[in-house]
Structure formats: C-alpha cells, structure tokens
Amino acid sequence: MTLLVRPLVSRPHASLRLFCFPYAGGGISVFRGWSAGLPGEVEPWAIQLPGREDRIGTPPFQSMSDVLNALVPAIIPQLDRPFAFFGHSMGSVVALELTRTLQRLEAGSPDHLFVSGRLPPHAVEVVNSPLHQRSDAELTEVLRSWQATPEAVLADRELMRLLLPVIRADLSVIETHTFTDGPLLDCPITAFGGTEDNADPSVLARWGELTSSQSDLRMFPGGHFFLNSARETVVAAVSAGLHQALVSRID
C-alpha cells in the first residue's frame, strides 16, 4: 500500500476492488461514507493525490503525465483481483486515462468504468481562458459559484492559501491534457450526470463512443456535486453496476 492508493476499509475476502478518483481539490474523504452502501464483496479504495488532506505538505501534480507516472506503478500491485474505477469530474478523466494506459500495458482492465460529472474528453471544446491561469481572486469566485466550498473556508485567507494551489494544480492537470485517439476500451462504461449541471445528456452519452463494450447513462438530481448531495442514490447505482459485473464473471 502507498500514500497514493489506499483502502477505505479492509475486506480481505472481497471479490472485487473499487478504486475511486476524486474531483479537483478533493481527497479520499469524499468517499469516506461509501463503504456502508457498497456490497460486502466489494472493497473500496481511493486515490489520494499529493497536496491535500494528510498530504498537504507534498507538492501537487501539475500534469496528467505526472499523475499517471505515479499512479501506474502504485496501483498495478493492487490489481490482483477484479476491479472497477469510479471518477468524478477531474477523477473521470484520470480514471479514463489510467484505464487506457493499463490496457496498453496489458496490465489489466476494469470490469466497469464509472465516469461522473464530466463530459467525455473527445467532446469537449478547447478552453480559451483556462481556469488554472486565473488570479486567486477570480479562482475564489469560481469556487464560490461551484457551491461546494463552505463560505467560511472561502473567507479564510490562511485556508485559501493552502487550498488554491491544489485547485490550480488539479485544474492544470485537466486543462493542459490533450485527449488523443487510441484503441477502444474493452470494459463497460456508465456515465453519471446531474440534472442541474448544465451538461447535455446527449453529450454525456458520448462516453459510450470510447468503448467496444456496453455503455449507459444515469442522471441524478442536483448540480455538479450531485456526488455529495445524492450520495446514497449514486452509491446504490454503482453497487448495482458492480453486482452485474460480478454476476457476469460467474456466468
């Protein structure tokens, strides 16, 4: 086990591992409440990128290549049983690129890829004014508009001095990343979206274009962070998908 890839709860006899990838600025605490809602045969793990929570003193990654160069050797030893990936927002793109890398290395493929709160990278237009290049004041207003950071935190200069560099680095990972065509994935993909997230469901459904397997789209009530506001429903949907993956292995 490494600081980067960690179990949320130990289930040594689990049949499948679920690796969870948080959104920009997020850490493993995003998924702390998931364990109770997942089937007992699923062992939940999460990715703790540097710069946040108990890794706040470590410089954050600035590019997707930095993330993948660290993640690949850290996660491969944990793929000794069937596994699945779940990512939200930034985490969706990281999970996708990690899946593509593992498939290229013939190091394994997830039984299921869940991508949440993010348009597929091949369907996203280039941003002319990248968020990671905004001033601290502008970036703070962006965070306020996302309605995920408490106002007390946004108003605390010392906390924001710690938080903004991590947010900026995570945004840089996504905004400097260029999606390139490659072989289709061979695992099912389920895309999750929020009904108030201003994401066109027909575009979200294009995640299915990245796999030769099945694809599905689920919409949940809420904005961009429906992952938190509709947590029980989201976890139930993930559990149903994982149950189907385990049944498919038996069949």
Taking [Y]'s backbone N and O only, do any of them form a donor-acceptor pair with [X]'s side chain (distance below 3.5 Å, no angle check)?
| X | Y | answer |
| --- | --- | --- |
| Gln48 | Val5 | no |
| Ser109 | Thr99 | no |
| Glu196 | Phe226 | no |
| Ser92 | Ser116 | yes |
| Asp197 | Ala199 | no |
| Ser239 | Gly37 | yes |
| Arg118 | Val115 | no |
| Glu138 | Ser135 | yes |
| Asn69 | Ser65 | yes |

Heavy-atom pair with the smallest gap, counting every atom of [X] and [Y]:
| X | Y | answer |
| --- | --- | --- |
| Arg206 | Ala123 | NH1-CB, 3.6 Å |
| Phe114 | Gly241 | CZ-CA, 4.1 Å |
| Leu184 | Glu209 | CD2-O, 3.2 Å |
| Pro121 | Leu96 | CG-CD2, 3.5 Å |
| Leu246 | Glu41 | CD1-CG, 3.2 Å |
| Pro110 | Ala84 | CB-CA, 4.0 Å |

Measure the spacing between [atom1] of [X] and [atom2] of [Y] and express it to the nearest 0.5 Å.
| X | Y | atom1 | atom2 | answer |
| --- | --- | --- | --- | --- |
| Leu227 | His88 | CG | NE2 | 5.0 Å |
| Leu119 | Asp200 | CG | CG | 8.5 Å |
| Ile189 | Cys187 | CD1 | SG | 5.5 Å |
| Leu18 | Trp34 | CG | CH2 | 6.5 Å |
| Ser145 | His224 | OG | NE2 | 10.5 Å |
| Leu131 | Arg134 | CG | CZ | 5.0 Å |

Quick one, [X] and [Y] - any side-chain contact, counting heavy atoms below 4.5 Å?
| X | Y | answer |
| --- | --- | --- |
| Leu71 | Phe21 | yes |
| Leu49 | Arg52 | yes |
| Ile56 | Leu162 | yes |
| Arg55 | Leu4 | yes |
| Leu143 | Met160 | yes |
| Asp186 | Gln103 | yes |
| Leu171 | Met90 | no |

Could you pull out all residues at least two apart from Arg11 that satisfy side-chain contact (heavy atoms from CB on, under 4.5 Å)?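 For Arg11 the side-chain contact (heavy atoms from CB on, under 4.5 Å) partners, ignoring immediate neighbours, are Val9, Ala14, Ser35, Leu38, Glu43, Pro44.
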Test ring pair (Phe, Tyr, Trp, His ring centres under 6.0 Å) applied to Phe19 and Trp45, Phe31, Phe86, the passing residue: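 It is Trp45, the one option of Trp45, Phe31, Phe86 that forms the ring pair (Phe, Tyr, Trp, His ring centres under 6.0 Å) with Phe19.
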For residues Phe85 and Phe83, establish whether the separation of their ring centroids is below 6.0 Å.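 Yes: the rings meet the under 6.0 Å criterion.
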Can you check ring-ring contact (aromatic ring centres under 6.0 Å, His included) on Phe192 and Phe220, steps first, answer last? CA-CA 7 Å; Phe192 290 173; Phe220 299 86; 4.9 Å; yes
Exactly one of Gln62, His177, Met64 should register a side-chain contact (heavy atoms from CB on, under 4.5 Å) with Ser172. Which one does?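 Single side-chain contact (heavy atoms from CB on, under 4.5 Å) partner of Ser172 among Gln62, His177, Met64: Gln62.
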Passing candidate, side-chain contact (heavy atoms from CB on, under 4.5 Å) with Thr149, options Ile167, Leu163, Leu159, Thr140: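 Per the side-chain contact (heavy atoms from CB on, under 4.5 Å) rule, the option paired with Thr149 is Leu163, out of Ile167, Leu163, Leu159, Thr140.
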Report the C-alpha separation of Ser213 and Thr211 in whole Å, then their side-chain angles, then the decisive distance to 0.1 Å, and conclude whether the side chain to side chain donor-acceptor pair (under 3.5 Å) test is met. CA-CA 5 Å; Ser213 186; Thr211 183; 4.7 Å; no
Ser15: which residues meet the side chain to side chain donor-acceptor pair (under 3.5 Å) condition with it, sequence neighbours left out?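 If we apply the side chain to side chain donor-acceptor pair (under 3.5 Å) test to Ser15, skipping adjacent residues, there are no hits.
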Considering only residues two or more places apart or on different chains, which pairs with a residue in residues 214-239 satisfy salt bridge (charged side-chain N to carboxylate O under 4.0 Å, His left out)?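 Sorted result for residues 214-239: empty, none.
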